[in-house]
Student: 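Attaching a single structure in structure tokens format; questions to follow.
The residues of the chain are indexed from 1 along the displayed sequence.
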Amino acid sequence: MNQDYILPNDWSIIEEGFDPGRVKSSESLFSLGNGAMGQRANFEEAYSGHTFQGSYIGGVYYPDKTRVGWWKNGYPEYFAKVINAPNWIGIGIELNGEVLDLHSCKVVNNFRREFNMKEGWYQRSFEAVLQNGTEVAVEVTRFLSMTRDELGAIRYRIRVLDQKADVVVEPYLDSGITNEDTNWDDQFWQTTNVQSDGSKGFIEAHTLKTNFHTCTFMDTRFELDGNGLELEAERIQKDTYLGHRYKMAVAGGSTLSIYKYGGYTVDTNHPAKELISAATKILDSATDTGYDGLLAEQREAWARIWEMSDITIEGDVKAQQGIRFNILHLNQTYTGRDSRLNIGPKGFTGEKYGGSTYWDTEAYCIPFYMATKDQHVARNLLKYRYNHLQKAIENARKLGFSNGAALYPMVTMNGEECHNEWEITFEEIHRNAAIAFAIYNFYRFTGDYSYIPEMGLEVLIGIARFWHQRASYSEPKKQYVILGVTGPNEYENNVNNNFYTNYAARWCIQYTLEQLEKVKEGYPEDYERIIGITKLTEIETDKWAEVAGNMYLPYSEEHGIYLQQDGFLDKELITVENLARTERPINQKWSWDRILRSPYIKQADTLQGFYFFEDHFSLEQLEKHFDFYEPFTVHESSLSPCVHSIQAAKLGRMEQAYKFYLRTSRLDLDDYNKEVEEGLHITSMAGTWMSIVEGFGGMRILNDKLSFSPRIPKQWKSYSFKINFRNRILTVKISSEGSSFELDGKEDMSIRVNGERVVLTPQKTVHV
């Protein structure tokens, strides 16, 4: 834990007291999103202190030329940047001739932020004394509509605390923005049109290179002490700026309310020539509905989301706050309505890492969306990968692979690899396996096999072809090996025979061969179509089977464990507990050379294999591997603690599991990795959900049925969650006294609890 200023609360994230040193961290923590756009919690009024300004539009990016490697054969030529979009939230405020700026105010009292997670709105309030002596109280509420995904709304209230104030309000749009994350300080946007229509304002701009056309828009309404106020605006227009300047006198004790509506229209959803007309319709509908009506819609939308996705924890406020914070941001980042979008590691909260899609989606996020949404949401995530199959084949071809072998990118916006660190781009090839596993996991959970003959089998064939070609035969070992890779543990680069990679490659081939037979038998028309497209032959599949059947897996007879990779035992095996705290995090304290020579593991690697394929191993094997590798794991990846929490719970080590759960659930709230100001760790938030449902709840799919092995941390009185399993809703509640299960559906369903069969009848609670 590196910060502790967020107040514990079941349903809200709350900060009290103004500290300029926390501004950037809070901008991340209080970020807003609605699946189509998002923004950091920047101040609407001017702020001259340190800030990270950021607004983002889903799917809009810039191909920033890489600084290294682009001249090498096969190297990605660009790194796709999540780009800072034109700003629509700005509201300039002047009071008696002085700009309202918290960084320069004489006094700031009663500063408070709150993100009400239950209802989906963010509020900031404070009292300030300006240098000229003007005293005001301000309350600002903002939200991005979950029902109108191109719209956001702001209510900005100013109460004059002294006798009177001459107030100038300038709501504005600004497309003259820059990125925090840029390689060459390129200009990402070209503004083409700035125009007003009464109180409405529009800026049209397009991205350079990718040529996404956008319209950023706004409209403003005013009230004084609750009564509508008609004001004339002075138009302030520049090349990349549009402001509407309003002047008024506000008596002491009176409250001026400013209602600003804004957002984006994009040519991915509208014809480029109709962006302003589309924006006008959105604004007209918003002002007709009014702020209160929009807020009521927001509350109802979030009530529906929480009805299915909430996890309740009784007796531990920080744990409760942590899981809801994670669920909030997962729902703000991805709604599943648009299969062209995906789940970036920072979502709409920052720009680090670039791209919108990592292996995190398949490895960590799909289970959350499968269980808390309709199955089409997770299916859209799989469809996204199918739509990028040809790009994955192109990625592999650039590296010398042939015959339709597919290598899915480590980082992408459009299916093309755009990550520019060689040890990740070329060597962290295990990402292919996560996509195959997600296809398997989707069918296992939903029972919907249709994706595989329609789309998934082509993906699996491309992946199997890659693994077949990537493996090479070792004469000394008389087995197939995979050389020069980086496993999930990125603190080991260019290693040979990473256990997780080799094991997953073997499984991918075997699973693909199984699905080929299943589709051939059950879906002959699809089979013939796919064979026609892929030109797959029995000679080729026989070669796959040979590789999978004779894959080398590094193993230590002395320790009775699979080795993370060849040569792991040659390292100086000093455990983390013997590493001084002052040396951590090692990625901020050590040279990369020193990290690579150390035994320290960034995140679950061998144990990631035991998580994915746990039914391939005994509990005793898991325990032996957990006891060996966990002491060397520094958990400096956000994706690490959740896997360890799940496995510790399975081993009955609840105190350890609880510790890992707190770390994953409050990773950003408590800033464990000292980097929250750069943005949140969105994809790892799904791991927090997994820690409870799969870890403490022990939920698994066994023999085509749900199975639970419930456990509860001693710090909790009870916890509960819901699962949408094959269109039947199951409510699970676990306490120290036992477990209860309630089924919402029309037919009975059998599950297993602690190995025993339990039959559930709809609308009846069964206690175990």
Student: If we only count heavy atoms from C-beta on, is the Pro76 to Thr425 side-chain gap below 4.5 Å?
Tutor: yes
Student: Are any of the side-chain heavy atoms of Trp189 and Leu208 separated by less than 4.5 Å?
Tutor: no
Student: Check whether any side-chain heavy atom of Leu579 sits under 4.5 Å from a side-chain heavy atom of Ile586, and report yes or no.
Tutor: yes
Student: Should Lys352 and Glu675 count as an ion pair when the cut-off is N to O under 4.0 Å?
Tutor: yes
Student: Measuring from atom CG of Asn502 to atom OH of Tyr500, what distance do you get when rounded to the nearest 0.5 angstrom?
Tutor: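 Reported value, rounded in 0.5 Å steps: 12.0 Å.
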Student: For a quick check under 3.5 Å, do Gln53 and Thr51 share a side-chain donor-acceptor pair by atom type?
Tutor: yes
Student: State plainly whether the residues Glu583 and Lys589 are in salt-bridge range, i.e. N to O under 4.0 Å.
Tutor: no
Student: Let me know which of Lys391, Lys398, Arg431 forms a salt bridge (Lys or Arg N to Asp or Glu O under 4.0 Å) with Glu417.
Tutor: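 That would be Arg431.
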Student: Would you kindly check if the NZ (Lys) or CZ (Arg) of Arg594 is within the cone defined by 45 degrees around the ring axis of Trp590 and under 6.0 Å from the six-membered ring centre?
Tutor: yes
Student: With respect to Phe188, which candidate in Thr207, Val60, Thr182 satisfies the side chain to side chain contact (heavy atoms under 4.5 Å, CB included) definition?
Tutor: Thr182
Student: Looking only at the aromatic ring of each residue, does the gap between the centers of Tyr552 and Tyr480 stay below 6.0 angstrom?
Tutor: no
Student: Which class fits the ring pair Phe617 and Phe610: parallel under 30°, tilted 30 to 60°, perpendicular over 60°?
Tutor: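 Phe617 vs Phe610 ring planes: parallel.
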Student: Measure the spacing between OH of Tyr353 and OG1 of Thr683 and express it to the nearest 0.5 Å.
Tutor: 8.5 Å
Student: Quick check on the 6.0 Å ring-centre criterion: do Tyr555 and Tyr562 meet it?
Tutor: yes
Student: Is it true that Lys81 and Asp181 have a side-chain N and a carboxylate O under 4.0 angstrom from each other?
Tutor: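 Salt bridge between Lys81 and Asp181, a charged N being under 4.0 Å from a carboxylate O: yes.
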Student: Taking everything shown except His559 itself, do over 12 heavy atoms lie less than 6.0 Å from its NE2?
Tutor: yes
Student: Out of Glu677, Gln3, Glu15, which one pairs with Arg22 under the side-chain hydrogen bond (donor to acceptor under 3.5 Å, both in side chains) rule?
Tutor: Glu15
Student: Check the side chains of Tyr503 and His616 for a donor-acceptor pair under 3.5 angstrom, ignoring hydrogens and angles.
Tutor: yes
Student: Is there a donor-acceptor pair under 3.5 Å between the side chain of Asn493 and the backbone N or O of Val485?
Tutor: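 Checked: no pair found.
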Student: Is the backbone N or O of Thr372 less than 3.5 Å from a side-chain atom of Ser309, with the two atoms forming a donor-acceptor pair by type?
Tutor: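 It does not hold such a pair.
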Student: Strictly distance-based, threshold 3.5 Å: is any side-chain N or O of Lys346 a donor or acceptor partner for the main-chain N or O of Gly679?
Tutor: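 Side chain of Lys346 to backbone of Gly679, a donor-acceptor pair under 3.5 Å: yes, one is there.
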Student: Do the ring planes of Tyr658 and Trp716 sit parallel (below 30°), tilted (30 to 60°) or perpendicular (above 60°)?
Tutor: perpendicular
Student: Is the closest basic N to carboxylate O distance between Glu694 and Lys650 below 4.0 Å?
Tutor: no
Student: Using atom types as modelled and distance alone, determine if a side-chain donor or acceptor of Gln565 lies under 3.5 Å from a backbone N or O of Pro554.
Tutor: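 No, because the side chain of Gln565 does not come within donor-acceptor range (under 3.5 Å) of the backbone of Pro554.
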Student: Determine the interplanar angle of the Phe466 and Phe401 rings, folded into 0 to 90°, and report it as parallel if under 30°, tilted if 30 to 60°, perpendicular if over 60°.
Tutor: tilted
Student: Backbone N or O of Ser645 within a donor-acceptor pair of the Ser691 side chain at under 3.5 Å?
Tutor: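 Flag not set: sc Ser691 to bb Ser645 has no pair under 3.5 Å.
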Student: For Phe437 and Phe612, take the angle between the two ring planes, folded into 0 to 90°, and tell me which bin it lands in: parallel under 30, tilted 30 to 60, perpendicular over 60.
Tutor: parallel
Student: Is the side chain of Ser598 donor-acceptor paired with the backbone N or O of Ile595 at a distance under 3.5 Å, no angle test?
Tutor: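 Yes: the side chain of Ser598 pairs with the backbone of Ile595.
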Student: Side-chain donor-acceptor pair under 3.5 Å between Gln603 and Ser640, yes or no?
Tutor: no
Student: Hey, are the side chains of Ile311 and Arg324 touching, using non-hydrogen atoms and a 4.5 Å cut-off?
Tutor: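 A side-chain contact under 4.5 Å is absent here.
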Student: Ignoring hydrogens and geometry beyond distance, is a side-chain donor-acceptor pair present between Gln320 and Tyr719 at under 3.5 Å?
Tutor: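 No, because no side-chain N or O of Gln320 sits under 3.5 Å from a partner of the opposite role on Tyr719.
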Student: What about Tyr600 and Tyr491, are their ring centers closer than 6.0 Å?
Tutor: no
Student: Salt bridge between Asp316 and Lys714, side-chain N to carboxylate O under 4.0 Å?
Tutor: no
Student: Is there a side chain to side chain contact (heavy atoms under 4.5 Å, CB included) between Lys65 and Tyr78? Walk through the geometry before answering.
Tutor: CA-CA 4 Å; Lys65 185 177 180 180; Tyr78 69 90; 5.6 Å; no
Student: One thing to verify: whether Glu623 and Arg653 come together as a salt bridge, which I'm taking to mean a side-chain N less than 4.0 angstrom from a carboxylate O.
Tutor: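 Yes, charged N to carboxylate O under 4.0 Å.
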Student: Just how far is it from atom CD1 of Ile327 to atom CZ of Phe368, taken to the nearest 0.5 Å?
Tutor: 5.5 Å
Student: Quick check against the 3.5 Å criterion: does Asn496 have a side-chain atom that pairs as donor or acceptor with the backbone of Gly484?
Tutor: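 Pair found, side chain donor or acceptor close to backbone of Gly484.
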Student: Give me the ring orientation class for His625 and Tyr629: parallel if the planes are under 30° apart, tilted from 30 to 60°, perpendicular past 60°.
Tutor: parallel
Student: Salt bridge or not for Arg40 and Glu180, using N-O below 4.0 Å?
Tutor: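 Salt bridge: no.
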Student: Can you tell me how the ring of Tyr440 sits relative to the ring of Trp507, calling it parallel under 30°, perpendicular over 60° and tilted otherwise?
Tutor: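 Ring orientation of Tyr440 relative to Trp507: perpendicular.
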Student: So, do Val495 and Asp566 sit near enough that their side-chain heavy atoms are less than 4.5 Å apart?
Tutor: no
Student: Using a distance-only test with no angle check, is there a side-chain donor-acceptor pair under 3.5 angstrom linking Tyr122 and Arg113?
Tutor: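 Present: a donor and an acceptor within the cut-off.
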Student: In Å and rounded to the nearest 0.5 Å, what is the OG1 to CG distance from Thr333 to Leu680?
Tutor: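 The distance works out to 8.5 Å.
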Student: For the residue pair Glu630 and Gln656, establish whether any side-chain heavy-atom pair is separated by less than 4.5 Å.
Tutor: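 Yes, side chains in contact.
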Student: Between Tyr384 (side chain) and Asn342 (backbone), is there a donor-acceptor pair under 3.5 Å?
Tutor: no
Student: Provide the closest heavy-atom pair for Ala649 versus Ala657 in the form atom of the first, atom of the second, distance.
Tutor: N-CB, 3.6 Å
Student: If we only count heavy atoms from C-beta on, is the Tyr5 to Ile14 side-chain gap below 4.5 Å?
Tutor: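 Result no, sub-4.5 Å side-chain heavy-atom pair not found.
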Student: Without swapping roles, check the side chain of Ser28 against the backbone of Val676 for a donor-acceptor pair under 3.5 Å.
Tutor: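 Indeed, once roles are kept as given, a pair shorter than 3.5 Å links the two residues.
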Student: Where do Leu573 and Pro599 come nearest, in terms of heavy atoms and distance?
Tutor: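 For Leu573 versus Pro599, the nearest heavy atoms are CD2-CB, 3.9 Å.
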Student: What's the separation between atom CD1 in Ile83 and atom CG in Asp186, rounded to the nearest 0.5 Å?
Tutor: 11.5 Å
Student: Charged N to carboxylate O below 4.0 Å: is that the case for Asp4 and Lys318?
Tutor: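 Salt bridge: yes.
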Student: What heavy-atom pair brings Gly415 and Pro409 nearest, and what distance separates the two atoms?
Tutor: O-CG, 3.5 Å
Student: Has Asp668 got a side-chain atom pairing as donor or acceptor with Asp671's backbone, closer than 3.5 angstrom?
Tutor: no
Student: Can you see which heavy atom on Lys571 is nearest to which on Leu596, and at what distance?
Tutor: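 Scanning both residues, the minimum pair turns out to be NZ-O, 2.8 Å.
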Student: Let me confirm one number: the OG1-NE2 distance from Thr357 to His388, rounded to the nearest 0.5 Å.
Tutor: 7.0 Å
Student: Minimum heavy-atom separation for Ile482 and Arg470, please, with both atom names.
Tutor: CG2-NH1, 3.9 Å
Student: Testing the basics here: between Tyr364 and Pro367, what is the closest heavy-atom pair and its distance to 0.1 Å?
Tutor: O-CD, 3.6 Å
Student: Can you find a heavy atom in the side chain of Val459 that is under 4.5 Å from one in the side chain of Tyr408?
Tutor: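 They are in side-chain contact.
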Student: Describe, in one word, how the ring planes of Phe660 and Phe626 are oriented to each other, choosing from parallel (under 30°), tilted (30 to 60°) and perpendicular (over 60°).
Tutor: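 The rings of Phe660 and Phe626 stand perpendicular, inter-plane angle above 60°.
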